[in-house]
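One structure is given below, encoded as structure tokens.
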Amino acid sequence: MLGDVEKMKKITSKQFDEIFDRGDDVSEFIDDQKLSKNDLFKLIEKSKTKDKLVLEVTKELKSRLEKKAKLIGLQTQDLIKFLLAKEVGMI
């Protein structure tokens, strides 16, 4: 759980955007019980600055990522973005 609803700090959407755009942790302001997977991807995609990353993986890893993405109804690229963002603490 990203934050306990009773303990969550209250801020405006403008303040949230400013904190997020700086790259600071916004997890204390998110009630993850109300988040859908689409909401999570919107948070990831919200960043104004984007960069391209080329990643070489084994055929086995690629195959497993594709199967997992299909199973949960995502594109493989979106699953990878989510997994990486989660691993580095963005979500």
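As the structure is a computational prediction, the values presented were derived from the model and not from experiment. Scope of the values below: all heavy atoms of this structure, side chains included, with no hydrogens, waters or symmetry mates.
Taking each heavy atom of Gln15 and Thr12 in turn, the nearest pair found is OE1-N, 2.7 Å.
Residues passing the side-chain contact (heavy atoms from CB on, under 4.5 Å) test with Glu18, sequence neighbours excluded: Lys14, Arg22. In this structure, the side-chain contact (heavy atoms from CB on, under 4.5 Å) partners of Glu60, at least two apart in sequence or on a different chain, are Thr58, Arg64. Here Gln75 pairs with nothing under the side chain to side chain donor-acceptor pair (under 3.5 Å) rule; sequence neighbours left out.
Note on Leu71 and Ile80: separate hydrophobic clusters, where clusters join Ile, Leu, Val, Met, Phe, Trp and Tyr whose side-chain heavy atoms are under 4.5 Å apart, directly or indirectly.
Using a 4.5 Å heavy-atom threshold, the side chains of Lys81 and Asp78 count as touching.
Pairs of residues two or more places apart, or lying in two chains, that qualify as salt bridge (Lys or Arg N to Asp or Glu O under 4.0 Å) and include a residue from residues 65-75 are Lys62-Glu66.
To the nearest 0.5 Å, atom CG of residue Leu79 and atom CG of residue Leu65 are 6.0 Å apart.
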